[in-house]
**Student:** 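Below you'll find the structure I mean.
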Protein chains: 2
Amino acid sequence: MSSKRGAAALQPPPAPPDAVPLFAALGDATRLRLLGRLSAGGPLSITRLSEGTGVTRQAITRHLHALGRVGLVRHARRGRERVWDLNRKRLEKAKQYLDHIAAQWDDAAERLRAFVEDKRGEQR
Amino acid sequence: MSSKRGAAALQPPPAPPDAVPLFAALGDATRLRLLGRLSAGGPLSITRLSEGTGVTRQAITRHLHALGRVGLVRHARRGRERVWDLNRKRLEKAKQYLDHIAAQWDDAAERLRAFVEDKRGEQR
DNA sequence: GTTAAATGCAACCCCCATGTTGCGCTTTCT
DNA sequence: AGAAAGCGCAACATGGGGGTTGCATTTAAC
């Protein structure tokens, strides 16, 4: 009944809303490099993190805040400098998200076949 | 020698360049939902995919192309409509990327401690 | 006490991603 | 054949991300 087209029944799994800003934060070369440096070399000051990036310190500051907004990095005062570091807790969660989503895709891909096979019989 | 600060020795692992556009493509709510619908309901036409998104068909078309650029989806002609579907091959690769990167972070986090412990002895 | 280093803040560019509208073309449907 | 569905293309608007410069402020160094 109702299944006018059956499309309405395909509820798009509302994927964790946090995933969007997370991916967005990771979708920038400079930010990925910052994460790389941080993961390779512990807490670093802004100036230190800016070296060799080709962009201004201010720009780096912004990127750090962007990463901070999604909880991937945290900051702390150390004397006159502000040091940033990875937030491993969040990083772990992020990793789980990625795994989860990837798994979803896999599962769906599996079910997809049977589902399509079915429909094909009905519609055609 | 040279280790003026030791910072130069911390080579930022040049992370797979493909990761950036991939994350960027995933960093959008509409696109994530599109992937969700596709993974849940096989190949779908543009019009079908546009339903219930709140945006124009053209907008959806663009998003699909964006996803296509990073290889996550593919398209094909079916009569007068153009149907899109997930590219499971690429999806698998993407998943591996995510795992790989997450692993890198983990490893680095591990090594980080020892490294920092070390440095602390030298510098302080 | 001065000087220099490391930041924070704010005002400004500039480009591009996202979204829209209008129109024309092809393929179905009746 | 004629109407309608489904798209593709192109022109246009605009909001926000990414980057910069200039200046004030705090803190380490001499």
Side-chain angles (χ1 to χ4, degrees), chain A residues 4-7 17 20-38 41-70 72-85 123-124, chain B residues 4-7 17 19-35 37-38 41-70 72-85 123-124:
Chain A
K4 195 169 190 174
R5 291 193 183 137
V20 174
L22 175 64
F23 283 131
L26 296 178
D28 178 278
T30 303
R31 285 196 288 271
L32 270 190
R33 290 186 55 192
L34 284 177
L35 289 180
R37 294 246 339 225
L38 284 180
L44 289 173
S45 73
I46 298 178
T47 306
R48 206 55 95 65
L49 285 170
S50 303
E51 295 171 355
T53 61
V55 296
T56 307
R57 168 180 58 88
Q58 322 285 7
I60 297 301
T61 297
R62 290 208 176 183
H63 283 300
L64 288 171
H65 278 288
L67 290 172
R69 257 175 256 133
V70 293
L72 287 175
V73 297
R74 329 172 95 200
H75 61 264
R77 264 251 124 82
R78 190 170 66 183
R80 65 179 157 180
E81 51 186 13
R82 176 175 293 271
V83 294
W84 292 77
D85 199 4
Q123 284 192 153
R124 273 272 153 167
Chain B
K4 196 169 191 174
R5 291 192 184 139
V20 173
L22 174 65
F23 282 132
L26 296 178
D28 179 278
T30 302
R31 284 194 289 269
L32 270 190
R33 290 186 56 191
L34 284 177
L35 288 179
R37 295 243 343 224
L38 285 180
L44 289 172
S45 73
I46 297 179
T47 304
R48 210 51 99 62
L49 285 170
S50 303
E51 294 171 356
T53 61
V55 295
T56 307
R57 169 181 56 89
Q58 321 285 7
I60 297 301
T61 297
R62 290 207 176 185
H63 282 300
L64 288 171
H65 279 288
L67 290 173
R69 258 173 255 133
V70 294
L72 287 175
V73 298
R74 329 173 94 199
H75 62 263
R77 262 252 128 81
R78 190 170 64 183
R80 65 178 157 181
E81 50 187 11
R82 175 173 294 270
V83 294
W84 291 77
D85 199 3
Q123 283 192 151
R124 272 271 153 171

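Residue numbering restarts at 1 for every chain, and letters A, B, ... go by the order of the sequence lines.
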**Student:** Just the rounded figure in Å: distance from C1' of C/dT7 to CG of A/Leu44.
**Tutor:**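 Distance, rounded to whole Å: 16 Å.
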**Student:** What's the CZ-C1' distance between B/Arg82 and C/dT28, to the nearest Å?
**Tutor:**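 So the two atoms are 17 Å apart, to the nearest Å.
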**Student:** Could you tell me how far apart A/His75 (NE2) and C/dA6 (P) are, to the nearest whole angstrom?
**Tutor:**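 So the two atoms are 19 Å apart, to the nearest Å.
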**Student:** How long is the line joining CG of A/Leu64 and C1' of C/dG8, in whole Å?
**Tutor:**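 Atom-to-atom, A/Leu64 to C/dG8, this comes out as 14 Å.
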**Student:** Would you indicate whether the side-chain heavy atoms of B/Leu72 and B/Leu22 approach each other to under 4.5 Å?
**Tutor:**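 A side-chain contact exists here, since the closest heavy-atom pair is under 4.5 Å.
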**Student:** Working to the nearest 0.5 Å, report the span between CD of B/Glu81 and CG of B/Leu44.
**Tutor:**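 Atom-to-atom, B/Glu81:CD and B/Leu44:CG are 9.5 Å apart.
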**Student:** Can you give me the N/O atom pairs linking the protein to nucleotides 17-21 of chain D at distances under 3.5 Å, or say none if there are none?
**Tutor:**
| unit_1 | atom_1 | unit_2 | atom_2 | d |
| --- | --- | --- | --- | --- |
| D/dG18 | OP1 | A/Asp28 | OD2 | 3.4 |
| D/dG18 | OP1 | A/Arg31 | NH2 | 3.2 |
| D/dG18 | OP2 | A/Arg31 | NH1 | 3.2 |
| D/dG18 | N7 | A/Arg62 | NH1 | 3.4 |
| D/dG19 | OP2 | A/His63 | NE2 | 2.4 |
| D/dG19 | O6 | A/Arg62 | NH2 | 3.4 |
| D/dT20 | OP1 | A/Thr56 | OG1 | 3.4 |
| D/dT20 | OP2 | A/Thr56 | N | 2.8 |
| D/dT20 | OP2 | A/Thr56 | OG1 | 2.4 |
| D/dT20 | O5' | A/Thr56 | OG1 | 3.1 |

**Student:** Within this structure, what is the OG-CD distance for the pair A/Ser45 and A/Glu51, rounded to the nearest 0.5 Å?
**Tutor:**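 If we round to the nearest 0.5 Å, A/Ser45:OG and A/Glu51:CD are 7.5 Å apart.
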**Student:** Find every protein N or O atom lying less than 3.5 Å from an N or O atom of nucleotides 24-30 of chain D, and list the pairs.
**Tutor:**
| unit_1 | atom_1 | unit_2 | atom_2 | d |
| --- | --- | --- | --- | --- |
| D/dA28 | O4' | A/Arg80 | NE | 3.4 |

**Student:** Nearest-Å distance, CD (A/Glu51) to P (C/dT7)?
**Tutor:**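 Distance, rounded to whole Å: 10 Å.
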**Student:** Identify, with sequence neighbours excluded, every residue that meets side chain to side chain donor-acceptor pair (under 3.5 Å) alongside B/Arg31.
**Tutor:**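 B/Arg31: side chain to side chain donor-acceptor pair (under 3.5 Å) contacts with B/His63.
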**Student:** Looking at CG of A/Leu67 and CG of A/Leu35, how far apart are the two atoms once the value is rounded to the nearest 0.5 Å?
**Tutor:**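 Taking CG in A/Leu67 and CG in A/Leu35, the distance rounds to 5.0 Å.
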**Student:** Sequence neighbours left out, what passes side-chain contact (heavy atoms from CB on, under 4.5 Å) with B/Gln58? Give chain and number order.
**Tutor:**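 By the side-chain contact (heavy atoms from CB on, under 4.5 Å) rule, B/Gln58 matches B/Thr56.
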**Student:** Checking A/Arg48 side chain against A/Val83 main chain: does a donor-acceptor pair fall under 3.5 Å?
**Tutor:**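 Checking the backbone N and O of A/Val83 against the side chain of A/Arg48, no donor-acceptor pair under 3.5 Å is found.
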**Student:** Would you say C/dA5 has OP1 or OP2 under 4.0 Å from some side-chain N or O of A/Thr47?
**Tutor:**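 No.
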**Student:** Tell me the closest heavy-atom pair linking B/Leu34 and B/Leu64, and the distance in Å.
**Tutor:**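 So the two residues come closest at CD1-CD2, 4.0 Å.
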**Student:** Rounded to whole angstroms, how far apart are CG on A/Leu49 and P on C/dA5?
**Tutor:**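 Rounded to whole Å, this separation is 19 Å.
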**Student:** Under the side-chain contact (heavy atoms from CB on, under 4.5 Å) test, which residues partner A/Ala24, sequence neighbours left out?
**Tutor:**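 Counting only residues at least two positions away or on another chain, A/Ala24 forms no side-chain contact (heavy atoms from CB on, under 4.5 Å).
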**Student:** Identify, with sequence neighbours excluded, every residue that meets side-chain contact (heavy atoms from CB on, under 4.5 Å) alongside A/Arg82.
**Tutor:**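 A/Arg82: side-chain contact (heavy atoms from CB on, under 4.5 Å) contacts with A/Ile46, A/His75, A/Arg77, A/Trp84.
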**Student:** By side-chain contact (heavy atoms from CB on, under 4.5 Å), which residues pair with A/Arg80, not counting sequence neighbours?
**Tutor:**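 Checked A/Arg80 against side-chain contact (heavy atoms from CB on, under 4.5 Å); zero matches.
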**Student:** To the nearest 10°, give me the bend of the helix from C/dG1-D/dC30 to C/dT30-D/dA1, comparing the axes of its five terminal pairs at either end.
**Tutor:**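 Angle reported: 30°, given to the nearest ten degrees.
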